[in-house]
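Accompanying notes for the structure given below.
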Amino acid sequence: MLAKENRLRLKNDFKRVFEKGKFCGDKFLAIKVFPNSSDVSRFGFIVSKKVSKKAVVRNKVKRRLRESVRLRLKDGLIKGGFDAIILTRPEIADKKFVEIDEVVDKLLRKAGVLK
RNA sequence: UUAACUAAGCAAGACGAUCGCCCCGAUUACUUGGGGAGGAAAGUCCGAACACCGCUUAGUGGAGACACAAAAUUUAUGUCUCCACUAUAAAAUGGGCAGUCGCUAACGGCGACCGUUUCAGGUAGGGAUAGAAAAUUUUCUGUCCUUUACUCGGGAUAGGGAAAGUGCCGCAGAGACAAUACUAUUCUAAUUAUUUAGAAGAAAGGUGAAAAGUUGGAUGGUGUUUAAAUAAAAUUAUUUUAUCUAAACUACAUCCUUUCUUUGCCGGUGACGGCAAAAGAUGGUAAACCCUGCCCGGUGCAAGACCAAACUGGAUUAUUUAUAGUUCAGGAAAAGUAGGUCGCAUGAGACCAAUAGCAAUGUUGGUCCUAGAUAGAUGAUUGUCACUCUAAAUUUAUUUGGAGCACAAAAUUCGGCUUAUCGCUUGGAUUAAACA
RNA sequence: CGGGGCGUAGCGUAACGGCUAACGCACUUGGUUUGGGACCAAGGGACUCCGGGUUCGAAUCCCGGCGCCCCGA
């Protein structure tokens with residue numbers, strides 16, 4: 001789990017990123033990024049019911065995505081001042097952590113969030 | 001012993017390492033201690049708690065107005081209005097439920113029982129077959145079947161009323177519920193005859209899930225059909241008629257048994273059961289309409305209460321307040337949205353023991369406090385061991401490699417129901433196989 | 001936390017409780033044409049989403065699941 005200051009929480013924040021953010025996509029993930037006015041970067045994750053009907057599976061996908069982002073935040077690889085939303089496609093359900101981690105890295109690089 | 005069936009219980013396999021998350025506490029802070037998913041948390045199919053809204057009547061308390069009495073401040077009484085609390089409780093052209101007794105806060109739930117039905121077993125009876133004995137018809141034994149009776153055990157049960165009324169019962173069939181006459185039968189009339197017309201409704205055929213209605217059996221007995229024998233008539237074989245015998249079906253009568261309705265007695269809290277008597281007979285369907293009895297006000301924690309003042313609004317004539325009297329200008333006050341706090345974890349609580357009860361469950365005592373997130377915490381990676389499957393190697397029970405290790409995650413809280421579920425443990429009764 | 005609808009041949013839709021279920025497109029075969037399309041004729045294809053129950057009889061009625069779609073706070 002990310003620390004509270006790194007989470008995207010409010011409905012308005014999600015709305016702003018969705019409407020004005022820059023979009024990048026890969027095979028089973030996508031990202032929307034928009035700069036915010038603070039120093040820290042915040043992340044939100046969306047895993048819809050189309051990924052899986054089971055809450056257990058959806059929660060697991062979210063946790064793996066968060067863990068992947070958390071490790072990069074911890075190592076100081078991510079620039080400050082961005083809001084990002086990571087979107088998922090159904091194929092992610094049976095992927096392993098290593099595969100997800102690779103794609104996350106690729107996406108963040110593409111979106112210009114990594115240092 | 002194993003497998004199948006059934007009823008319960010346990011259940012992110014155990015112990016770590018590194019990096020993290022949520023809540024509570026300690027600390028100025030750095031840090032640090034403790035706690036952190038389920039039997040179904042799921043589906044949302046029922047029922048409640050709780051909150052707000054709404055309704056009838058009564059009582060109590062408070063506030064206000066009016067009337068009256070006293071000279072008055074004011075006080076007392078009465079009436080009306082509003083508010084709060086307590087008790088009771090809307091409307092039914094609507095919805096739901098349905099054996100009995102009990103349990104429960106309540107339920108469409110749970111427990112026990114009754115009735116019905118079903119499965120398997122046992123005993124008795126009956127039938128078939130094989131063998132043996134006496135001896136030509138019985139007995140005994142084995143195996144198999146059973147539309148029979150009794151009984152032990154398990155399962156299912158939306159289980160009020162069809163003798164209140166209405167509707168429906170396709171095709172077939174004469175006729176589908178106070179109906180009907182196709183074949184066949186009987187009677188009457190016409191006709192030489194074949195046959196035609198009308199009537200009857202005791203039996204049979206045929207149709208169908210069901211045929212006019214309580215079920216089955218015994219004895220007597222009527223009739224029909226078939227077969228054999230005898231006799232008579234006609235006759236080439238043969239046919240017809242009569243008698244008698246046998247088989248099948250059968251009107252009717254008597255007796256026994258049995259279903260339902262009614263009455264009486266006995267047992268039971270009761271559903272109901274047992275016994276006896278009398279008169280009688282009424283198709284099925286209520287998960288068709290309906291009738292009877294009972295229950296039900298609505299919305300749901302996004303209920304609801306509060307904070308603060310970010311944003312919108314309040315604007316023009318009109319209200320109040322203040323800047324200062326007037327004008328102008330700007331500000332504040334009623335509302336809402338985003339946000340935050342509470343609701344939100346001491347409860348129909350959990351565990352243990354005793355006790356009442358067949359049980360559901362109740363009572364008493366002791367111990368304990370056990371998740372509270374909100375784009376939503378309880379995780380990610382990895383090591384060793386355990387279990388299952390699989391491949392290879394050899395020391396034949398070890399090593400190495402690979403894969404797997406259920407169903408599924410709180411969202412106000414409980415009681416049920418339903419559905420999903422790898423495996424392990426325990427109990428029960430029966431069947432099958434193997435071994436002794 | 002609540003409310004509503006749907007599920008039938010490959011696809012889109014029908015069907016009073018009464019014949020293992022109808023129509024169109026698609027499919028197969030044949031005809032027609034120099035060939036194709038169109039047209040004509042014939043034919044195949046469904047355990048009516050799943051599991052129970054009521055009934056003589058269920059796609060239909062009732063109960064419980066599964067899946068899909070939509071709506072409100």
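Numbered from 1 within each chain, the chains take letters A, B, ... in sequence-line order.
- Shown here, B/G102 is classed anti by the O4'-C1'-N9-C4 or O4'-C1'-N1-C2 angle, which is more than 90° from 0.
- With hydrogens and angles left out, the side chain of A/Arg70 and the base of B/C19 share a donor-acceptor pair within 3.5 Å.
- Between A/Lys79 and A/Leu108, every side-chain heavy-atom pair lies at or beyond the 4.5 Å cut-off.
- In the hydrophobic clustering of ILVMFWY residues, with side-chain heavy atoms under 4.5 Å counting as a link, A/Val103 and A/Val47 come out together.
- Using atom C1' as the reference point in both B/A211 and C/C56, the two lie 14 Å apart (nearest Å).
- Atom CD1 in A/Ile85 sits roughly 9 Å away from atom C1' in B/A375 (whole-Å rounding).
- Look at B/A218: its Watson-Crick or wobble partner, with both distances under 3.5 angstrom, is B/U254.
- With a 4.5 Å cut-off on side-chain heavy atoms, A/Leu65 and A/Leu29 count as touching.
- Shown here, B/G198 forms a base pair with B/C187; the pair counts as Watson-Crick or G-U wobble because both key distances fall under 3.5 Å.
- Between A/Ser41 and A/Asn6, the shortest heavy-atom contact is O-ND2, 3.0 Å.
- Look at B/A162: it lacks any Watson-Crick or wobble partner with both distances under 3.5 angstrom.
- When the C1' atom is used for both B/G423 and B/C417, the distance is 27 Å, rounded to whole Å.
- Within 4.0 Å (heavy atoms only), A/Lys62 reaches no atom of the nucleic acid at all.
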Would you list the protein and nucleotides 408-411 of chain B atom pairs, both N or O, that sit under 3.5 Å from each other?
from	atom 1	to	atom 2	distance (Å)
B/A408	OP2	A/Lys54	NZ	3.0
B/A409	OP2	A/Ala55	N	3.2
B/A409	OP2	A/Val56	N	3.3
B/A409	N6	A/Arg63	NH1	3.0
B/A409	N6	A/Arg63	NH2	3.2

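- For B/C52, the paired base is B/G298 (Watson-Crick or G-U wobble, both distances below 3.5 Å).
- Under the side-chain hydrogen bond (donor to acceptor under 3.5 Å, both in side chains) criterion, A/Thr88 pairs with no residue, sequence neighbours left out.
- In this entry the distance linking CZ of A/Arg66 with P of B/C22 reads 11 Å, nearest Å.
- Going from atom CG of A/Asn6 over to atom C1' of B/A377 covers 16 Å, rounded to whole Å.
- Rounded to whole Å, the P atom of B/U245 lies 43 Å from the corresponding atom of B/A209.
- Taking the P atoms as reference points, B/A3 lies 43 Å from C/A46, given to the whole Å.
- Hydrophobic clustering, with ILVMFWY side chains joined whenever heavy atoms are under 4.5 angstrom apart, groups A/Ile85 together with A/Phe34.
- Hydrophobic clustering keeps A/Val56 apart from A/Val61 (ILVMFWY residues linked when any side-chain heavy atoms are closer than 4.5 Å, directly or through intermediates).
- Rounded to a whole angstrom, the distance from the C1' atom of B/U148 to that of B/U186 is 42 Å.
- In this structure, CZ of A/Arg72 is placed 16 Å from P of B/G20, rounded to the nearest angstrom.
- Residues A/Leu73 and A/Ile86 fall within the same hydrophobic cluster, defined by Ile, Leu, Val, Met, Phe, Trp and Tyr side chains chained together at heavy-atom separations under 4.5 Å.
- Taking the O4'-C1'-N9-C4 or O4'-C1'-N1-C2 dihedral as appropriate, B/A135 has a value more than 90° from 0 and is therefore anti.
- Going from the C1' atom of B/A277 to that of B/U157 covers 36 Å, rounded to whole Å.
- Separating the CG atom of A/Asp101 from the C1' atom of B/U382 is a distance of 15 Å, rounded to the nearest angstrom.
- Checking B/G109 for Watson-Crick or G-U wobble geometry (two distances, each under 3.5 Å) identifies B/C103 as its partner.
- In a base pair of the Watson-Crick type (N1 to N3 plus N6-O4 or O6-N4) or a G-U wobble (N1-O2 and O6-N3), with each distance short of 3.5 Å, B/C97 is matched with B/G293.
- Glycosidic conformation of B/U240 is anti; the angle lies outside 90° of 0.
- A sub-4.0 Å separation between OP1 or OP2 of B/A377 and a side-chain N or O of A/Arg7 is absent.
- Pair assignment for B/U337 gives B/A310, based on Watson-Crick or G-U wobble hydrogen-bonding distances that are each under 3.5 Å.
- Taking the O4'-C1'-N9-C4 or O4'-C1'-N1-C2 dihedral as appropriate, B/A373 has a value more than 90° from 0 and is therefore anti.
- Shown here, B/U1 forms a base pair with B/A433; the pair counts as Watson-Crick or G-U wobble because both key distances fall under 3.5 Å.
- If you find the closest nucleotide of RNA chain B to A/Arg64 and to A/Gly44, the one lying nearer the 5' end belongs to A/Gly44.
- Residues passing the side-chain hydrogen bond (donor to acceptor under 3.5 Å, both in side chains) test with A/Arg64, sequence neighbours excluded: none.
- B/A11 and B/A420 have their P atoms separated by 22 Å, with the value rounded to a whole Å.
- In terms of position along RNA chain B, the nucleotide closest to A/Phe45 lies nearer the 5' end than the nucleotide closest to the other residue of the pair A/Lys60 and A/Phe45.
- Comparing B/U418 with B/C407, their C1' atoms sit 15 Å apart, to the nearest whole Å.
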